[in-house]
Amino acid sequence: MSDQKRLLESLYNEPDTEKILYFLESEDSGVLRELYSFADEIRKIYTGNAIHLRAILEFSNYCRQGCLYCGIRNSMKIRRFRISPDEIIEISKTIFQKGYRTLVLQSGEDPFYSTEDYVKIIRGIKSLGNIAITLSIGEKQEEEYRAYFHAGADRFLLKHETSDPVLYSRLNPGMSLTNRIKCLKILKSIGFQTGGGIMIGLPGQTKKSIADDILLFKDLELDMIGSGPYIPETGLFAEDISRIQEELTYKVIALTRIVTKNTHLPSTTALSVVNEETARRNALSRGANVIMPNETPEKYRTLYQIYPNKKRTEVSSADFLQELRELAFSMGRVISDERGDSLKASG
Ligand code: SAH
């Protein structure tokens, strides 16, 4: 067994900061090849060959928060939209009829929707048939989270973005890492399948803090973890794409797979901005097992610009789904037609 392989086995059995950092810092193509192929083996053992699809519906770009990296933050002078509860249910019906068995409802933190609105939306969608609902609507009170769960929401996605508390407070004015983590713990205790994640390549982010992020995913016992590259908010011209931390993102996906094992890891939409086809294939062969096609109707989708260039990635269409099936086939994988629930639920 090579030294790298021994280190990977040891990382798998007893992960710690130092071992994770070794791989985050390595630029040796041989070391990275071993890292990626080990992550792919672990992915296969824990998730099999199924690739799960999660349809995303972005239903409001109003936001009360001012996260500096985000294109829909409160201070941005952009055209705002919100989709009514009835229309959300209507669109969800089409999504369900296309065969999706997971729907991710995402928005800015928009206080417009009351708990009753969410209950109505969730019940309306659940009455369509067997479809899992993931909410990605930010920080709420415990009672609100409980009401969504009791109405039938299955999962909740709330990325902690970075485990560096100083960086977190700098990037998210008026918010705190402590509260973010508290929300994740509450969601987990309520019974949600809980998702987290970080951005990679944030200005001021260290590799040591990324190693801490990966250990935190494990401590929080997350069911799904979506980590993508930070995409600079303005001025993303072709040449600037090189500033996006593509390789580091693959390392994080691979290390997250090895450390957290039985989790769902998407090839994130942000990663596809780098390179629509190869990035997805790379992520799927380095630990990822999920893709999130965007099912937001075009007239709204173009207004939901969390980061530049988002409009051209992961947009669902018959062609796109066919492309995914072909990609899966060429990799010896298959697009699942199931919900793809937590891998921890049964064990
Ligand atoms: N308001 C919800 C949904 C956030 S948007 C919430 O707070 O949970 C979903 C994700 O997009 C964020 O969690 C963040 O990780 C990512 N994101 C935002 N701006 C980004 C950027 N400039 N580059 C890459 N990812 C970004």
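Read the numbers this way: they start at 1 and go in the same order the structure lists the ligands and their atoms. The analysis underlying the following values was restricted to heavy atoms, covering all of them including side chains, and did not include hydrogens, waters or symmetry mates.
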Region of Pro229 engaging ligand 1 - heavy atom pairs below 4.0 Å: backbone
Ligand 1 contact on Gln65 by region, counting heavy-atom pairs under 4.0 Å: neither
Under the ring-ring contact (aromatic ring centres under 6.0 Å, His included) test, residues paired with Tyr100 that sit two or more places apart: none
Going by the rule ring-ring contact (aromatic ring centres under 6.0 Å, His included), which residues pair with Phe38 if we only count those two or more places apart in sequence or in a different chain? none
Does any N/O atom on [X] come nearer than 3.5 Å to any N/O atom on ligand 1?
X	value
Ser136	no
Glu161	yes
Tyr69	yes
Ile231	yes
Tyr307	no

Kindly assign one of parallel, tilted or perpendicular to the pair Phe192 and Tyr145, based on the angle between their ring planes and the thresholds 30° and 60°. perpendicular
Heavy-atom side-chain proximity of Leu265 to Met224 below 4.5 angstrom: no
Applying the ring-ring contact (aromatic ring centres under 6.0 Å, His included) criterion to Phe59, which one of Phe81, Tyr113, Tyr300, Phe112 satisfies it? Tyr113
At less than 4.0 angstrom from any non-hydrogen atom of Lys159, what atoms of ligand 1 do you find? 13 (O), 15 (O)
Can you sort out which atoms of ligand 1 are near Ser107, meaning under 4.0 Å from one of its heavy atoms? 1 (N), 2 (C), 3 (C)
Give a yes/no verdict on whether any heavy atom in Arg64 is under 4.0 Å from an atom of ligand 1. no
Measuring from atom 25 (N) of ligand 1, which candidate in Met199, Glu109, Glu58, Arg180 has the nearest non-hydrogen atom? Met199
Does the gap between the ring centers of Tyr69 and Tyr230 come in under 6.0 Å? no
Ring-face cation of Arg286 near Tyr36 (centre distance under 6.0 Å, axis angle within 45°): yes
Asp110 versus Ser60, side-chain donor and acceptor atoms under 3.5 Å: yes
